[in-house]
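Note that these values count all heavy atoms, side chains included, but never hydrogens, waters or copies made by symmetry.
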Amino acid sequence: MRKKSASVRRRLTAPLLTVSIALTWLIACGRHLESELNHPNGRAALVIQNIGSDTMVNLAQAWAEEYATVEPAVSVEVSGGGTGTGVAALINGTADIANCSRQMEPGEISKVSAADGQKPKENIVGYDALAIFAHKGNPLEEITIERLAAIYSEKGQVRSWADLGVRVPGCESGEMILVSRQSNSGTYHYFREAILGKGVDFKLGTLDLHGSKDVVELVSRTPCAIGYSGMGYTTPKVKMLRVARKPGENAFAPNVENTQTGKYPIARPLYMYTRGEPKDAVKKYLNWVQSEAGQAIVRSTGYVPIVKDAGLRAAVEQGVKRP
């Protein structure tokens, strides 16, 4: 069989090329139209991926929903999974912003720098009082840092409510059920360092839950339980204990005023990290989060707004320091 001439080949392939171009154009238009139709204002949304801390997920979602009314062309997509998940997403480039309830560790910072050539930028966006939760029927009203360590530490000697001189209605055994967070959680890491001390681990047998809300819900239906979580997750079915730094010192409740003045001893900053200095839409969003409008949402969701006074801010950010 004779080979087709170049001119014949051109005539045969030209219609196919035209069809291919037309299909590509239609697919592109279809995607564009789908993006426009799915967006409230009929404009394609610029998406900011915001991933990380379960402690912050309710706050982050509230920010995202309000920001949609401020910048309708920008969609902030929020997901949880824990601080470790957010940091991992920042390292592999699938997150624009990582929500963290603790500071990034040196090894994590090095990984971000290696992946992107820039150190992560730390942005403090609010504070959280880490509350100690007990069942609403528990007669205990306050506790010290020292006793918390004795309850949760692998070296601690407190194993029952009787060890604290407490008899809890509905907890006939007197057993103390310790509710904690999973090791991927920034709250877990903060509590371990601030309460137990560096290098000290939790007692065996703690119930390690995935979410802050889960901790409070379990304590609310378990008279023998004690747990820790962000104060924004409190409900009428639990009580938040007052906490004292040392025996004999005043104990303070986890609230906005006590956190902003540094009186409540288990307080911590909440962070949003970016790869290097934030730019364009991400920078504009973070500026809004730290503005009066964004900080009003911090307060309304049960967290603590940024402290403007440098002295008070230092007191809050110092948190609990153990030897």
Between Trp288 and Gly294, is there a donor-acceptor pair closer than 3.5 Å when you use the side chain of the first and the backbone of the second?
-> no
Would you say Glu142's side chain and Leu140's backbone share a donor-acceptor pair under 3.5 angstrom?
-> no
Go through the steps for Ile226 and Trp161 under the test side-chain contact (heavy atoms from CB on, under 4.5 Å), then give the verdict.
-> CA-CA 10 Å; Ile226 185 171; Trp161 288 106; 4.0 Å; yes
Can any side-chain N or O of Tyr303 pair as donor or acceptor with the backbone N or O of Gln295 at less than 3.5 Å?
-> no
Before giving the answer on side chain to side chain donor-acceptor pair (under 3.5 Å), spell out for Asn184 and Thr85 the whole-Å C-alpha distance, their side-chain angles and the decisive distance to 0.1 Å.
-> CA-CA 7 Å; Asn184 191 45; Thr85 299; 3.1 Å; yes
Taking everything shown except Lys119 itself, do over 12 heavy atoms lie less than 6.0 Å from its NZ?
-> no
Does some side-chain heavy atom of Thr234 sit less than 4.5 Å from a side-chain heavy atom of Val216?
-> no
Is the backbone of Pro120 close enough, under 3.5 Å, to the side chain of Arg275 for a donor and an acceptor to pair up by distance?
-> no
Distance (rounded to the nearest 0.5 Å) between Asn99 CG and Leu90 CG = 10.5 Å
Say whether Glu77 and Ser75, considering side chains only, have a donor N or O and an acceptor N or O under 3.5 Å apart.
-> yes
salt_bridge(Glu108, Arg102) N-O dist < 4.0 Å = yes
Any donor-acceptor pair under 3.5 Å from Arg245 side chain to Lys263 backbone | no
Report yes if some heavy atom in the side chain of Leu46 is under 4.5 Å from a heavy atom in the side chain of Asp280; otherwise report no.
-> no
Should Ile297 and Tyr67 be regarded as members of a common hydrophobic cluster, given that ILVMFWY residues are connected when their side-chain heavy atoms come within less than 4.5 Å of each other, either directly or indirectly?
-> yes
Distance (rounded to the nearest 0.5 Å) between Glu122 CD and Ile109 CD1 | 8.0 Å
CD of Glu257: more than 12 outside heavy atoms within 6.0 angstrom?
-> no
Distance in Å, Ile51 CD1 paired with Cys100 SG, rounded so as to fall on 0.5 Å steps | 11.5 Å
Qualifying residues under salt bridge (charged side-chain N to carboxylate O under 4.0 Å, His left out), relative to Glu292, sequence neighbours excluded | none
Do any N or O atoms from the side chain of Ser101 and from the backbone of Thr187 form a donor-acceptor pair under 3.5 angstrom?
-> yes
Minimal non-hydrogen separation, Val200 against Ser153, with atom names | CG1-OG, 3.3 Å
Looking only at heavy atoms, which two atoms of Gln49 and Val47 are closest? And how far apart?
-> NE2-CG1, 3.5 Å
Is Met272 reachable from Val70 through a run of I, L, V, M, F, W or Y residues, each pair having side-chain heavy atoms under 4.5 Å apart?
-> yes
Do Tyr228 and Arg181 have side chains that get closer than 4.5 Å, going by heavy atoms?
-> yes
From CA spacing to verdict: side-chain contact (heavy atoms from CB on, under 4.5 Å), Ile97, Tyr273 = CA-CA 6 Å; Ile97 300 171; Tyr273 283 94; over 6 Å; no
Report yes if some heavy atom in the side chain of Ser160 is under 4.5 Å from a heavy atom in the side chain of Ser173; otherwise report no.
-> no
Give a yes or no answer on whether the side chain of Asp116 reaches the backbone of Val112 with a donor-acceptor pair at less than 3.5 Å.
-> no
Angle class for the Phe191/Phe202 ring planes (parallel below 30°, perpendicular above 60°, tilted otherwise)?
-> parallel
Kindly give the heavy-atom pair with the smallest separation between Gly230 and Asp128, and that separation in Å.
-> CA-OD2, 3.4 Å
dist Met231:CE -> Met240:CE (nearest 0.5 Å) comes out at 7.0 Å
Quick one: are Asp96 and Tyr285 in side-chain contact, heavy atoms under 4.5 Å?
-> no
Among pairs that include at least one residue of residues 168-177, which meet salt bridge (Lys or Arg N to Asp or Glu O under 4.0 Å), considering only residues two or more places apart or in two chains?
-> none
Considering non-hydrogen atoms only, spot the tightest contact between Gly156 and Arg159 and give its length.
-> O-NH2, 3.9 Å
CG/Leu178 to CG/Leu207 distance, rounded to the nearest 0.5 angstrom?
-> 8.0 Å
Kindly indicate whether the side chain of Val125, heavy atoms from C-beta on, has any atom under 4.5 Å from the side chain of Val298.
-> no
Within the distance-only criterion (no hydrogens, no angle test), does the side chain of His135 pair as donor or acceptor with the backbone N or O of Val238 below 3.5 angstrom?
-> no
Might you point out which heavy atoms bring Thr301 and Ala62 nearest each other, and give the distance in Å?
-> CG2-CB, 3.9 Å
With the side chain counted from C-beta on, respond yes when Met176 and Leu164 share a heavy-atom pair under 4.5 Å apart, and no when they do not.
-> yes
Start with the C-alpha gap between Leu148 and Ile266, add the side-chain angles, then the distance that decides, and say whether side-chain contact (heavy atoms from CB on, under 4.5 Å) holds.
-> CA-CA 11 Å; Leu148 279 173; Ile266 322 178; 4.0 Å; yes
Any side-chain heavy-atom pair of Val87 and Met104 under 4.5 Å | yes
Stepwise side-chain contact (heavy atoms from CB on, under 4.5 Å) test for Arg299 and Val256 = CA-CA 8 Å; Arg299 182 182 287 273; Val256 171; 3.7 Å; yes
Start with the C-alpha gap between Tyr233 and Phe133, add the side-chain angles, then the distance that decides, and say whether ring-ring contact (aromatic ring centres under 6.0 Å, His included) holds.
-> CA-CA 10 Å; Tyr233 286 87; Phe133 289 96; 8.7 Å; no
Just how far is it from atom CZ of Arg268 to atom NE2 of His189, taken to the nearest 0.5 Å?
-> 12.0 Å
Determine yes or no for a side-chain-to-main-chain donor-acceptor pair under 3.5 angstrom, with Glu154 supplying the side chain and Asp201 the backbone.
-> yes
Which residues share a side chain to side chain contact (heavy atoms under 4.5 Å, CB included) with Glu141, sequence neighbours left out | Lys239, Arg242
Side chain Lys136, main chain Pro236, donor-acceptor under 3.5 Å | no
Reference residue Leu218; test side-chain contact (heavy atoms from CB on, under 4.5 Å); the match among Asp214, Val215, Thr222 = Thr222
